[in-house]
Amino acid sequence: MKLNTDLCRILEITYPIIQAGMAGGPTTPGLVANVSNAGGLGTLGAAYMKPEDMKTAIRKIKQKTTKPFAVNLFCTNWNDQYEGVEESQKVLNAIRAKLQIKDISQPVITTNFFEDQFRIILEEKVPITSTAFGVLPKHKVLELKKRNIKITSMVTTVREALIAEENGADIIVAQGSDAGGHRGTFEIEGDTNGGLIGTFSLVPQVVDAVSVPVVAAGGIMDSRGLVAALALGAQGVQMGTAFLTTLESGAHPEYKHALISSNEESTVITKVFSGRPARGIKNQFIQEYEKAGIAPADFPTQNTLTGDIRREASSQNNPEYMALWAGQGTRLLQSNLSAAQLIENLINGAKRIL
Ligand SMILES: Cc1cc2nc3c(=O)[nH]c(=O)nc-3n(C[C@H](O)[C@H](O)[C@H](O)COP(=O)(O)O)c2cc1C
């Protein structure tokens, strides 16, 4: 078994480690560039970024590294839902009262930045586009291929992996249910929490089903996880949670503290923050919303509805009302480590095991 896999050749990186694009602020240009400079693939989580902010971040990354990096977007429907929003606002207003912020009852508007974000990826010649929540429309895939921009596509089932491969993905990221953050699921009907296949079960089944390189995601925190993923047939790993507590991460200090204080029993999968199932540390917000028994609105409406609460919680340094996305491997987290040190530890440890 070798660390220099096909994934490294295709993405032109030294080590088979992808730092996940994490929308909402953790993936600072410094984090992305330092991961790429250390031989992994840094990814900007750009899904919620205004196009001008995304362009600025990409330019900052380019100032800090000449190595390949990725930009991550959500391939999903960004239309707002209006039914059921009033009910959700009632639950949220009770929470707003606790934080001493003003009531909101009107519907919300979510701006869809996708077309502009995609255009910037082309204009800025971003080397790799990373996607979640679906696959890119075929004409956009062709635009990327014409420019030799590689595509990584996140899936949660074999069925989705086959769709992603057929759609032209160069790399498939198999996201197990252990993973922190949103479930990437896009092919499951009905009101479920998304394809909940554990990383160990999912990865070899996806590897057997597709012919492009597969990357394992979900609960991979250290060199043991990296080597295990390679043993399952993956050509690399995509890690989110492990990078949240690095020095360069933009995660709020209270979020970092909650991560370090959590364990394998701390997280739940919930739709209450965004309307899509996502894994995070159970806190007051989740408990209070779920106790109300009101269904959250769909994504992205619920995400927009809860935005003021999450922002206020950050400014009040109150983790009980932030979205504390985290995977199930948090006992393995290390703090006060730079991204480069984390990668070095992963590689040195993996070499020892191999
Ligand atoms: C804070 C956080 C935010 C995330 N945001 C995104 C995102 O914007 N786009 C995406 O494709 N995946 C996102 N993910 C999921 C990761 O791609 C990956 O599947 C996950 O982090 C792997 O599990 P781990 O956190 O246990 O390493 C996020 C994960 C976390 C922890």
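Since we're looking at a predicted model, the values are computed, not measured. In each ligand, atom 1 is the first atom listed, and ligand 1 is the first ligand listed.
When each of E320, Q284, E288 is tested with K98 by the rule side-chain hydrogen bond (donor to acceptor under 3.5 Å, both in side chains), just one qualifies, namely E288.
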Working for side-chain contact (heavy atoms from CB on, under 4.5 Å), residues Y321 and I95: CA-CA 9 Å; Y321 296 92; I95 293 173; 3.5 Å; yes

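In summary, the atoms of ligand 1 found under 4.0 Å from a heavy atom of F74, numbered by their order in the structure, are 7 (C), 8 (O), 9 (N). Which parts of ligand 1 touch G240 is read off a 4.0 Å heavy-atom cut-off, strictly below it: atoms 21 (O), 24 (P), 25 (O), 27 (O). Listed by number with element, the atoms of ligand 1 under 4.0 angstrom from any heavy atom of N72 are 7 (C), 8 (O), 9 (N), 10 (C), 11 (O). Heavy-atom contacts of A20 reach the following atoms of ligand 1: 16 (C), 17 (O) (cutoff under 4.0 Å).
Contacts of M221 with ligand 1, taken as heavy-atom pairs under 4.0 Å, are absent altogether. In A47, neither the side chain nor the backbone holds a heavy atom less than 4.0 Å from any atom of ligand 1. Here Y255 has side-chain heavy atoms under 4.0 Å from ligand 1, and that is the only part of it that gets that close. The part of Q175 lying near ligand 1 is the side chain, judged by heavy-atom distances below 4.0 Å.
Distance CG/L324 to OG1/T330: 11.5 Å, rounded to 0.5 Å.
In this structure, K140 satisfies the cation-pi test against F118, with its NZ or CZ atom closer than 6.0 Å to the six-membered ring centre and inside 45 degrees of the ring normal.
For a threshold of 3.5 Å applied to N or O pairs, the pair formed by W325 and ligand 1 contains no separation below that value.
For F113 and W78, the ring centers sit 6.0 Å or farther from each other. For F186 and F133, the ring centers sit 6.0 Å or farther from each other.
At least one heavy atom of G219 sits less than 4.0 Å from an atom of ligand 1.
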